[in-house]
Amino acid sequence: MKHPKLSIVVPCYNEAQNIPIILNRFEKCLLNNDFELILVNDGSKDGSSAVFTAEMAARKHPQIRVVDYEKNKGYGGAIMTGLREAKGEYLSWTHADSQTDPMDIERGFEIFQYSKNPKKLFVKGTRVGRKLGDVLFTFGMSAIATVVLLKPLFDVNAQPKMFHRSFFERVEKKAPSDFSLDLYFLYLAKKFGLKVKSFPVLFLDRRFGESAWAFSFSSKFKTICRTIKYIFALRTAVRTIK
C-alpha cells in the first residue's frame, strides 16, 4: 500500500464521548483525500479503549489507526507518538475536543498544494470566535514568547498544525512531552526560516469532557508558570539542532 500524502494525529485523553464525533467528522475528509488518521489514546481512564474498539470494528476504515497505551504520556508525548507512527509525506495534528472542524485540515492542506516550496512551509490555524478573556490571555502569552524568543509567535496553540516530514525529522529529538509542544514547533519553524502561513478557524465551545489543563484556576496557573519557564529555556535547548 502506498504511503498517504498527509498524516493527521489526534491525541485523545478521556474523550470517550467525543470519539464517535471525531470519526464521523473525519470520514468525509479521509474518503475524499489521500490522508490517514492516527488517534492516540493517551492512557484514558473513561472507557475510551472500549469505545475505540467498538468504533474501529464497526467502521473498518483502512485509513484510521489507533495507538492505545495505558500510561498517560502527556499532550506533547501523545502527539509525538502519533507523528512517529505516521507514514505521510506531510504531518499534522489537531485536538479531539470538537472545538475546531476536522475539515480545517483539508483547508490547510490546500495551502501546500499551491506553494512553490511546500517543504519550507508551516501551516497553522488562527482561532476566531473566542471569548474576549481567552483572546486577551492568548495575546499576553504570545507577547511574552515573542519578546523572549525574538520571533513573532502569535496564537501559538491554534490548531491544526501542518508541515513536511523533513522538518519533523530535523527537530523531533528535542520535542517536549507537555503543552509546550505547539510553541516548540512554531518557534523552530520561525528559527529555521520556514514560511509560516495562518488561516482562520472557527473555535467552538467544548461539547463533552473538560480541558486537560484549564479545568481549574490552579491547573491553569501551573500550566502558565511552566510555559513561561519553558519559553526562557527554549532558546538554549535548541542550540544544538542544525
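A donor-acceptor pair is defined here as one N or O able to donate and one able to accept, closer than 3.5 Å; no such pair exists between the side chain of S177 and the backbone of G74. For R170 (side chain) and K242 (main-chain N/O), a donor-acceptor pair under 3.5 Å exists by modelled atom type. Checking side-chain atoms of K190 against main-chain N and O of P152 turns up a donor-acceptor pair under 3.5 Å. Judged by distance alone, with hydrogens and angles left aside, the side-chain atoms of D46 form a donor-acceptor pair with the main-chain N or O of E15 at under 3.5 Å. Using a distance-only test at 3.5 Å, with no hydrogens or angles considered, no donor-acceptor pair links the side chain of S198 to the main chain of G125. Without hydrogens or angle criteria, N72 side chain to G43 main chain gives no donor-acceptor distance under 3.5 Å. Looking only at distances, a side-chain donor or acceptor of Y184 sits under 3.5 Å from a matching main-chain atom of V171.
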Using residues 114-121 as the side-chain source, report each donor-acceptor pair under 3.5 Å to any protein atom, sequence neighbours left out, with the distance given to one decimal.
from, atom 1, to, atom 2, distance (Å)
S115, OG, N117, N, 3.2
K120, NZ, F192, O, 3.3

Result block: side-chain N/O donor-acceptor pairs under 3.5 angstrom for residues 134-141, not counting sequence neighbours:
from, atom 1, to, atom 2, distance (Å)
T138, OG1, R130, NH1, 2.8
T138, OG1, R130, NH2, 3.1
T138, OG1, D134, O, 3.1

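Side chains of N41 and Y13: a donor-acceptor N/O pair is absent below 3.5 angstrom, by distance only.
Figure legend: cation-pi geometry between K28 and F26 absent, as NZ or CZ is not positioned both under 6.0 Å from the six-membered ring centre and within 45° of its axis.
Looking only at side-chain heavy atoms (C-beta outward), D104 and T94 stay at 4.5 Å or farther from each other.
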Kindly indicate, with the supporting measurements, whether the criterion side chain to side chain donor-acceptor pair (under 3.5 Å) is fulfilled by N18 and R25. CA-CA 11 Å; N18 282 317; R25 288 185 173 182; over 6 Å; no
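Within a 6.0 Å sphere centred on CD of Q113, other residues, nucleotides and ligands contribute more than 12 heavy atoms.
What you find for L39 and C12 is that their closest heavy atoms are CD2-SG, 4.2 Å.
Centroid-to-centroid, the aromatic rings of H95 and Y75 come within less than 6.0 Å.
With Y90 as the fixed residue, the ring-ring contact (aromatic ring centres under 6.0 Å, His included) test singles out one of F35, F163, F109: F109.
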